[in-house]
Amino acid sequence: MASDDIARLAELLREFKGASRTATVLTGAGVSTESGIPDFRSPGTGLYCFIDPMEYLSVRALERTPEKLWKFFADSYAAAADYQPNAGHAAIAKLEEAGYVGAVVTQNIDNLHQRAGSRNVLEVHGHLRTAHCTACGVTVPFTSATDQVLGGAPVPTCAECGSLIRPDVVLFGDDMPADFLRASEAVRSGSLLLVVGSSLEVSPVNYFAFEAERLAIINRSPTPADRRADVVIHGSAGDALSSLAAELGVA
Ligand code: NAD
Ligand code: ZN
């Protein structure tokens, strides 16, 4: 990670703030790997090394093999509340507090931006706080659903009507939530987009990187949008964002 790249990124953020504009941050699973949560696509450790996403994380899977989908969620995320925000989440919250960042658009479902103090968080792939009944719509805490599965039930069922409960995350094949439209407006309203820890392989969110007026990327591996970015930093999100916050005097 070159310090002149951090300096250039800091300069871009200063330029926008000086013009009374803010940056939008777009995060992916890579901002949370330093909290111990595996991402999907890192070679060797990403969850896609072990599962086929369409088999576990799609609307089709929910309909045909809900027990597989729920085993995945119970095994991977029942203890999500135990993970702690890392230096990257903390730096993003400080950049928002200092007026450099207007919104955090996250593909993550782990709640770590909010827990680090970010206020305007748009969750474009849902979250793990709740789940709901596919028949009567009643909402329950996500952990009450995973508790049923960990207790031996093949799938969690609704206490009101006995139907299947589903997680409040966006599965492949689901419509995008209202936060996606809000995120799209934030990106289109003439912005600097700072992408952190995303492979930019998942559509439609990855289009944001091609719609933003100015673009900066912090990611361990190359992405399809690197060549149109003003600044690209290949390295740790926690290190790069901590250096950026320090450079801007908000650390
Ligand atoms: P991805 O797995 O496709 O890509 C993650 C990217 O982050 C990779 O390119 C990797 O090189 C990079 N990376 C990993 N660790 C990093 C680090 N410490 N610093 C900098 N870069 C790092 O993830 P994605 O683009 O977010 O898309 C996949 C989907 O994964 C999203 O829809 C998201 O909902 C879901 N997901 C979320 C979580 C979570 O909530 N924490 C975890 C796994 C997957
Ligand atoms: Zn019900």
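Each ligand, and each atom within it, is numbered from 1 in the order the structure gives.
- Checked by distance only, ligand 1 and Ser236 stay at 3.5 Å or farther apart across all their nitrogen or oxygen atoms.
- Distances below 4.0 Å separate heavy atoms of Ser32 from the following atoms of ligand 1: 41 (N).
- Around the Zn ion (ligand 2), the protein N, O or S atoms found under 2.8 Å comprise Cys133 SG, Cys136 SG, Cys158 SG, Cys161 SG.
- The protein heavy atom nearest to atom 14 (C) of ligand 1 is Asp39 OD2, 3.3 Å.
- Sorted by first and then second residue, the side chain to side chain donor-acceptor pair (under 3.5 Å) pairs with a member in residues 173-185 read Arg166-Asp174, Asp179-Arg182, Ser184-Arg188; sequence neighbours excluded.
- Thr130 and Asp168 share a donor-acceptor pair across their side chains, judged by distance under 3.5 Å alone.
- The protein non-hydrogen atom at the shortest distance from atom 37 (C) of ligand 1 is Asn108 OD1, 3.7 Å.
- Ligand-side atoms of ligand 1 in range of Ile37: 41 (N), range being under 4.0 angstrom from any heavy atom.
- Residue-ligand proximity: Gly235 is placed with a non-hydrogen atom under 4.0 Å from ligand 1.
- Each of the atoms 42 (C), 43 (C) of ligand 1 lies under 4.0 Å from some heavy atom of Pro38.
- In summary, Glu55 and Lys68 engage in a salt bridge, as defined by a charged side-chain N under 4.0 Å from a carboxylate O.
- For the residue pair Thr223/Asp226, the side-chain donor-acceptor check at 3.5 Å is satisfied.
- Protein heavy atom closest to atom 35 (C) of ligand 1, with residue, atom name and distance, is Phe40 CE1, 3.6 Å.
- Remark: distances from the non-hydrogen atoms of Glu34 to ligand 1 include one below 4.0 Å.
- With sequence neighbours left out, the side chain to side chain donor-acceptor pair (under 3.5 Å) criterion links Ser189 to no other residue.
- Of the N or O atoms in Tyr77, none lie within a sub-3.5 Å distance of an N or O in ligand 1.
- Looking only at protein heavy atoms, the nearest one to atom 32 (O) of ligand 1 is His125 ND1, 2.5 Å.
- Considering each of Gln107, Glu123, Arg41, the one bringing a non-hydrogen atom nearest atom 28 (C) of ligand 1 is Arg41.
- Regarding atom 4 (O) of ligand 1, its nearest protein heavy-atom neighbour is Ser199 N, 3.3 Å.
- Within ligand 1, counting atoms from 1 as listed, the ones closer than 4.0 Å to a heavy atom of Thr33 are 14 (C), 15 (N), 16 (C), 17 (C), 18 (N).
- In this structure, the protein non-hydrogen atom closest to atom 21 (N) of ligand 1 is Arg220 N, 3.0 Å.
- The shell of residues lying under 4.0 angstrom from ligand 1, judged by heavy atoms, includes Ser42.
- On a distance-only criterion, Val202 and ligand 1 share no N/O pair closer than 3.5 Å.
- The shortest N or O to N or O distance between Ala29 and ligand 1 is under 3.5 Å.
- Of the protein's non-hydrogen atoms, Asn219 OD1, 3.2 Å is the one closest to atom 12 (C) of ligand 1.
- In terms of protein heavy atoms, atom 41 (N) of ligand 1 is closest to Asp110 OD2, 2.7 Å.
- Backbone and side-chain nitrogen or oxygen atoms of Ala237 are examined, and one is located within less than 3.5 angstrom of a nitrogen or oxygen of ligand 1.
- Pairs of residues two or more places apart, or lying in two chains, that qualify as ring pair (Phe, Tyr, Trp, His ring centres under 6.0 Å) and include a residue from residues 173-195 are Phe180-Phe208.
- For ligand 1, the polar-atom distance check against Ile109 finds a nitrogen or oxygen pair separated by under 3.5 Å.
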- Task: With side-chain hydrogen bond (donor to acceptor under 3.5 Å, both in side chains) as the test, would you mind laying out the steps for Ser163 and Thr134 before giving the verdict?
- Result: CA-CA 7 Å; Ser163 301; Thr134 52; 5.4 Å; no
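- For ligand 1, the atoms sitting less than 4.0 Å from at least one non-hydrogen atom of Gly28 are 26 (O), numbered in the order shown with element in parentheses.
- Atoms of ligand 1 found under 4.0 Å from any heavy atom of Gly30 (numbered from 1 in listed order, with element): 5 (C), 7 (O), 13 (N), 14 (C), 15 (N), 16 (C), 17 (C), 18 (N), 19 (N), 22 (C).
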